[in-house]
S.K.: 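Okay, here's the structure, questions in a sec.
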Amino acid sequence: MTAELELESKTASQQFSSSKSSSENFDQSAVDHEVAAGVDIESGRPNPFVFLLTILVSFSGFLFGYDTGYISGALTSIGIDLGHELSDGDESFITSATSLGALLGGIIAGTLADVLGRKWVTLGANTLFIVGAIIQAAAHTVWTMIAGRFVMGWGVGIASLIAPLYISEMAPSRFRGRLVILNVLAITGGQVIAYAIGAGLEDVGNGWRVLVGLSIVPATVQMVMFIFMPETPRFLVSRGRIDEAKRVIRWVYSPRHQIVSESLVEKKVKLLEIYNNDQHPEWTKIQRFRYSLRQLLLVPENMRAVIIACMLQGIQQFSGFNSLMYFSSSLFAVVGFDHSTAVSLIVAGTNMVFTILAFILIDRVGRRRILLCTIPGMAISLVVAAIAFHYLPSDATGADPWAIVILLFMMCYVAFYASGIGNVPWQQSELFSMQVRGLGTSLATATNWAGNLTISSTYLTMMKNITPSGTFGLFAGLCMLGWLGVFLMYPETAYLTLEDIQGFLKSGFGIKKSQAMSREQRQKHIAAWAKKEGVEIVEAEHVAYADSAVEKQL
């Protein structure tokens, strides 16, 4: 069986390479299709149905944010409701239980998505959210609370993978970055709402149970609505369901008051078939998994995609942001603020505001440039906070100048984080070909949650043993190591189709080639706008004007 599978894999890979080389005539057609069919030709805006799908899928992001955000306020208000006062160990176990569940959920989510489809895996995540919330809200012991957090963690891990994957596969390339960021914006919105409700219920007996139980509402709404939502065209093509794929493409890509032409639909489906022709329908699920794993780890361009995606997720976690989210109330209580949960709300609000900024900039500025500009800002903010912690008196209050410095530079750190590394890693699915997309995004998501688990389970210990100054100084050093990794290995993917991106990873990380391709595609959009508006672009300032006009249309 192994020999047969290897032979089939080799044959399929040869067919795939041959087909891709013969597909060059379709690549430009696919780009033109993304521009013409994914955008309302009259107004330059995407089909509203794309936004409706994105918003509905982003309920998963909201639940992700809400369920990771409420624990900070809950830990300070549980008191003896779980049988006794919570120790540092109890808090670490309760917090890290979600991270452990998310790690395990993230590991299997990609494979489940490839086997069952993106739609039904999303419904499974909703079920886990609801069950986990019920267990927590009814908990009267620490271990019951931990069990509920663990179950919910599975849902968080699955949702953190499946939502950006679904959006990436549905979105036209021109808007993919921004639409994925809508999911991240939902995450930050969930965190803000969790902090706000937590602050309002801080002095209410068993108010934390209400805080937990409210997460059932959006999970139920999404579960009911998602039953009627379509599967992604790329998944449908990979399973040979061509007619269904065409129907979804017509539904998603048709401009308002128009019907997308059948020739564009055929070209899009043809391209997807070419990039999925090594999926053998006669293979068992185990054979397909083994083949995908081999392709992921042994094919150079796939391995480079794994390195990039896992690197970005590692930077996101080991920069220390989630230690601030999970323990911000405890941190600001140490600093001396009387209403620490309310102060944490300020930090969460900063996160949300600058995620909106990332939404505006990510496709215009590009993923790579945003990271190279914002990661150093994170490091500098952490260094200043570390210095302030060193000089902070042990009996400080919130009015102490050093306490104010800590708050201000934590807000600066969060602003830089939300503008860059808080968002870009969730574009991970765009790096992988369809053959390995589920498994590749699983590895990247598992890296995220492994880092999250490490930080959540060690943060309080680090604060105690190496002091707050040492902890934040360590995070600053890790940020700069991450910046070096981005500089050396992360290409530009803005404006490129999912199928385009695999090409430039063949001969290396493709940084220069990807930047050139991204500029070329952007110039094509500008030229299309100029032709439509009757504007002649002959000088650099005309290009800048047209570029700005195109962005305003978006």
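If you're wondering where the values come from, they're calculated on a predicted model, not measured in any experiment.
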S.K.: Is it true that E169 and T232 share a donor-acceptor pair across their side chains at a distance under 3.5 Å?
M.R.: yes

S.K.: Report the residue from L478, L474, N452 that forms a side-chain contact (heavy atoms from CB on, under 4.5 Å) with F318.
M.R.: L478

S.K.: With distance as the sole test, does S87 use its side chain to make a donor-acceptor pair with the main-chain N or O of D90 at under 3.5 Å?
M.R.: yes

S.K.: Would you give the length of the straight line joining atom CG of L460 to atom OG1 of T95, rounded to the nearest 0.5 angstrom?
M.R.: 7.5 Å

S.K.: Over 60° means perpendicular and under 30° means parallel, so classify the ring planes of F472 and F389, tilted if in between.
M.R.: parallel

S.K.: Would you say CG of L484 has more than 12 non-hydrogen atoms from neighbouring residues, nucleotides or ligands within 6.0 angstrom?
M.R.: yes

S.K.: Do Y391 and V405 have side-chain heavy atoms sitting under 4.5 Å apart?
M.R.: no

S.K.: Could you verify whether a donor N or O on one side chain and an acceptor N or O on the other, from D81 and W208, lie under 3.5 Å apart?
M.R.: yes

S.K.: Where the side chain of S419 meets the backbone of A358, is there a donor-acceptor pair that is under 3.5 Å apart?
M.R.: no

S.K.: For the pair S381 and Y417, evaluate side chain to side chain contact (heavy atoms under 4.5 Å, CB included) and give the outcome as yes or no after the intermediate values.
M.R.: CA-CA 10 Å; S381 300; Y417 171 92; over 6 Å; no

S.K.: Tell me which pairs pass side-chain hydrogen bond (donor to acceptor under 3.5 Å, both in side chains) where either residue lies in residues 157-168, with sequence neighbours left out.
M.R.: S160-W449, S168-S429

S.K.: Before you tell me yes or no, could you show the steps for I146 and V142 under side chain to side chain contact (heavy atoms under 4.5 Å, CB included), namely the whole-Å CA-CA distance, both residues' side-chain angles and the distance that decides it to 0.1 Å?
M.R.: CA-CA 6 Å; I146 291 171; V142 169; 3.8 Å; yes

S.K.: Could you check whether atom CZ of F150 has more than 12 heavy atoms from other residues, nucleotides or ligands sitting under 6.0 Å from it?
M.R.: yes

S.K.: Please tell me if the side chains of I308 and P491 come closer than 4.5 Å, counting only heavy atoms from C-beta onward.
M.R.: yes

S.K.: Please determine which of L128, L63, I134, D67 meets the side-chain contact (heavy atoms from CB on, under 4.5 Å) test together with M152.
M.R.: D67

S.K.: Please assess L182 against F51 for the test side chain to side chain contact (heavy atoms under 4.5 Å, CB included), listing each intermediate value before the final yes or no.
M.R.: CA-CA 9 Å; L182 283 179; F51 282 111; 4.0 Å; yes

S.K.: If only atom types and distance count, is the side chain of S518 paired as donor or acceptor with the main-chain N or O of S514 below 3.5 Å?
M.R.: no

S.K.: Here's a test for you: under side-chain hydrogen bond (donor to acceptor under 3.5 Å, both in side chains), which of R367, Q427, R368 qualifies with T493?
M.R.: R367

S.K.: Looking only at heavy atoms, which two atoms of A348 and Y195 are closest? And how far apart?
M.R.: CB-CD1, 3.2 Å

S.K.: Could you verify whether a donor N or O on one side chain and an acceptor N or O on the other, from Q428 and T445, lie under 3.5 Å apart?
M.R.: yes

S.K.: If we ignore hydrogens and angles and just use 3.5 Å, is the side chain of S442 paired with the main-chain N or O of G110 as donor and acceptor?
M.R.: yes

S.K.: How would you list all residue pairs meeting salt bridge (Lys or Arg N to Asp or Glu O under 4.0 Å) that involve residues 461-478, not counting sequence neighbours?
M.R.: none

S.K.: Shortest non-hydrogen contact from F475 to M462?
M.R.: CZ-CE, 3.9 Å

S.K.: So how far is it from L211 CG to I71 CD1, rounded to the nearest 0.5 Å?
M.R.: 8.5 Å

S.K.: What are the two closest heavy atoms between W402 and D400, and how far apart are they?
M.R.: N-OD1, 2.8 Å

S.K.: Taking all non-hydrogen atoms of both residues, which atom of I421 and which atom of Q316 are closest, and how far apart?
M.R.: O-NE2, 3.0 Å

S.K.: Distance-only, no hydrogens or angles: does the T122 side chain make a donor-acceptor pair with backbone N or O of R118 under 3.5 Å?
M.R.: yes

S.K.: How far does OG of S60 sit from CG of L165, to the nearest 0.5 angstrom?
M.R.: 11.5 Å

S.K.: For Y70 and G190, indicate whether the former's side chain and the latter's backbone hold a donor-acceptor pair under 3.5 Å.
M.R.: no

S.K.: Give a yes or no answer on whether the side chain of K119 reaches the backbone of I227 with a donor-acceptor pair at less than 3.5 Å.
M.R.: yes

S.K.: Roughly how far, to the nearest 0.5 Å, is CD1 of I158 from CG of L123?
M.R.: 11.5 Å

S.K.: If we only count heavy atoms from C-beta on, is the I380 to V383 side-chain gap below 4.5 Å?
M.R.: no

S.K.: Starting at CD1 of I193, measure out to OG1 of T188 and round the result to the nearest 0.5 Å.
M.R.: 9.5 Å

S.K.: Nearest heavy-atom pair of P425 and L312: which atoms, and what distance?
M.R.: CG-O, 3.5 Å

S.K.: State, with a plain yes or no, whether a side-chain heavy atom of V353 is found less than 4.5 Å away from one of L357.
M.R.: no

S.K.: Is it true that a side-chain atom of Q222 and a backbone atom of V57 form a donor plus acceptor pair closer than 3.5 Å?
M.R.: yes

S.K.: Among I187, L185, I181, L179, which residue satisfies the side-chain contact (heavy atoms from CB on, under 4.5 Å) criterion with N183?
M.R.: I187

S.K.: So, for I362 and A494, which heavy atoms are closest and what is the spacing to 0.1 Å?
M.R.: O-CB, 4.4 Å

S.K.: Is a donor on one side and an acceptor on the other found under 3.5 Å between the side chain of T441 and the backbone of G438?
M.R.: yes

S.K.: Using side-chain heavy atoms (C-beta onward) and a distance below 4.5 Å, is V414 in contact with M378?
M.R.: no

S.K.: Kindly indicate, with the supporting measurements, whether the criterion side chain to side chain contact (heavy atoms under 4.5 Å, CB included) is fulfilled by Q136 and R149.
M.R.: CA-CA 7 Å; Q136 290 175 76; R149 294 281 296 170; 2.9 Å; yes

S.K.: Rounded to the nearest 0.5 Å, what's the gap from CD1 on I135 to CE on M145? Could you check?
M.R.: 11.0 Å

S.K.: With no hydrogens and no angle check, is any side-chain donor or acceptor of R209 less than 3.5 Å from a backbone partner on A139?
M.R.: yes

